[in-house]
Amino acid sequence: MERSFIPAAKPIIGPEEREAAGAVIDSGMVVQGPQVAAFEEEFSSTMVAGAHCVAVNSGTSAQHVATLAAGLPEGAEVIVPSFTFAATANSVAAAGATPVFADIDPVTFTLDPAGVEAAITERTAAIEVVHLYGLPADMPAILGIAERHGLAVYEDCAQAHGAAIDGAPVGAFGAWGSFSFYPTKNMTTLEGGLISTRDADLARACRLIRNQGMEKQYANEVIGLNNRMTDVSAAVGRVQLRKVGGWTERRRANAATLDAGLAGVSGVVTPHVPDGYRHVYHQYTIRFEGIEGAARDEIARVLREEWRIGTGVYYPIPNHRLPSLERFAPGLELPGTERAARECLSLPVHPSLAPEDLDRIIEAIGAVAKAGA
Ligand SMILES: *Cc1c(COP(=O)(O)O)cnc(C)c1O
């Protein structure tokens with residue numbers, strides 16, 4: 001009998017979510033209302049240490065609305081990593097600011113503080129970190145740089161629900177944080193996003209922009225958009241919020257099993273987690289020493305076709321090389337970013353993995369590492 005396929009990701013949306021969504025649909029009141037308000041309160045108290053929360057219709061919208069709400073001056077630059085999903089730089093550009101790409105540390109895959117310092121100009125207004133794969137960026141260093149240069153810090157927490165440094169959660173370090181609830185993320189509202197901020201004025205500005213600039217019906221105060229979350233999504237999100245803590249523990253336990261199983265495999269570099277950092281393993285991303293590009297892709301093919309294991313390359317093309325974004329970075333070279341794009345390979349780590357799935361993954365990586373070496 002053929003082995004079952006182990007997918008790279010597996011959204012978990014079950015009967016409780018269906019029931020919660022159905023109850024909202026049956027009520028006839030489906031747009032932003034009491035479910036969104038309750039979801040915001042519950043996310044605030046359980047995930048971001050009491051920061052104000054503003055739910056929106058996607059993670060990208062969260063970044064876009066928060067950047068607009070920050071009211072950056074004309075020509076402002078925001079430093080972002082290039083090794084991330086394009087939403088990070090897209091939302092900066094869509095808010096009328098200029099994304100400036102800085103290099104990452106190819107070991108942690110997050111912004112390299114030295115690369116950030118090198119990218120600062122007199123037009124820099126903010127540094128936007130990405131807690132990539134669920135590992136917090138080097139916040140002590142980034143916050144220090146920001147303070148010395150008078151810059152704001154933004155956090156893209158799309159992959160990092162519940163990640164923390166010494167118990168301090170991501171999304172509450174900087175001026176604002178943005179979360180995504182896309183189905184493959186650590187928790188979902190089908191589509192959805194959320195802004196977290198400790199700044200009450202910024203939270204109010206985000207609420208206005210989310211809803212056409214209105215607090216009072218037809219008394220539009222500022223230029224706004226429609227980025228509202230539906231009550232159907234929020235009801236699903238409230239159920240997911242009760243489960244995400246347990247799922248995160250499963251992800252962390254799966255990662256620990258992979259760490260232990262791959263520790264003795266020569267040529268395989270497993271994720272590095274600095275002391276005190278709580279990694280929530282949106283992705284479990286490895287590298288094979290001396291194997292990159294087409295050879296890495298061939299390993300992914302063997303894993304998929306021979307071992308029936310799905311993997312992912314996040315991300316094969318750095319943002320500063322994308323046709324959409326390269327105009328912001330003519331001729332830019334980011335060696336750490338380029339290397340990560342050539343080497344990274346994400347293995348399944350999601351909460352639905354069975355012990356025998358993890359065994360198969362460890363056995364397969366041992367075999368392909370040996371064959372590739
Ligand atoms: C998913 C993701 C986003 C965008 O979130 P959406 O909900 O898909 O709009 C932004 N940044 C990163 C790093 C992401 O992984």
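Whatever order the structure lists them in is the order used to number ligands and atoms, beginning at 1.
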**Q** Which one of N319, D105, I104, T84 satisfies the side chain to side chain contact (heavy atoms under 4.5 Å, CB included) criterion with T337?
**A** I104
**Q** Taking the six-membered ring for Trp and the full ring for Phe, Tyr or His, determine whether the centres of F179 and F43 are under 6.0 Å apart.
**A** yes
**Q** Between H131 and E155, is any pair of side-chain heavy atoms under 4.5 Å apart?
**A** yes
**Q** Is there a salt bridge (Lys or Arg N to Asp or Glu O under 4.0 Å) between R3 and E306? Walk through the geometry before answering.
**A** CA-CA 10 Å; R3 285 188 283 209; E306 293 176 20; over 6 Å; no
**Q** Are any protein N/O atoms closer than 3.5 Å to the N/O atoms of ligand 1? If there are, list each pair with names and the distance to one decimal place.
**A**
{"from": "ligand 1", "atom 1": "5 (O)", "to": "S180", "atom 2": "OG", "distance (Å)": "3.2"}
{"from": "ligand 1", "atom 1": "7 (O)", "to": "G59", "atom 2": "N", "distance (Å)": "2.8"}
{"from": "ligand 1", "atom 1": "7 (O)", "to": "S180", "atom 2": "OG", "distance (Å)": "2.7"}
{"from": "ligand 1", "atom 1": "9 (O)", "to": "G59", "atom 2": "N", "distance (Å)": "3.3"}
{"from": "ligand 1", "atom 1": "9 (O)", "to": "T60", "atom 2": "N", "distance (Å)": "2.9"}
{"from": "ligand 1", "atom 1": "9 (O)", "to": "T60", "atom 2": "OG1", "distance (Å)": "2.5"}
{"from": "ligand 1", "atom 1": "11 (N)", "to": "D156", "atom 2": "OD1", "distance (Å)": "3.4"}
{"from": "ligand 1", "atom 1": "11 (N)", "to": "D156", "atom 2": "OD2", "distance (Å)": "2.8"}
{"from": "ligand 1", "atom 1": "15 (O)", "to": "Q159", "atom 2": "NE2", "distance (Å)": "2.8"}
{"from": "ligand 1", "atom 1": "15 (O)", "to": "K185", "atom 2": "NZ", "distance (Å)": "3.1"}

**Q** Ion pair present between E41 and R238, side-chain N to carboxylate O less than 4.0 angstrom?
**A** no
**Q** Ignoring hydrogens and angles, state whether a donor on the side chain of T60 or S91 is under 3.5 Å from an acceptor on the partner side chain.
**A** no
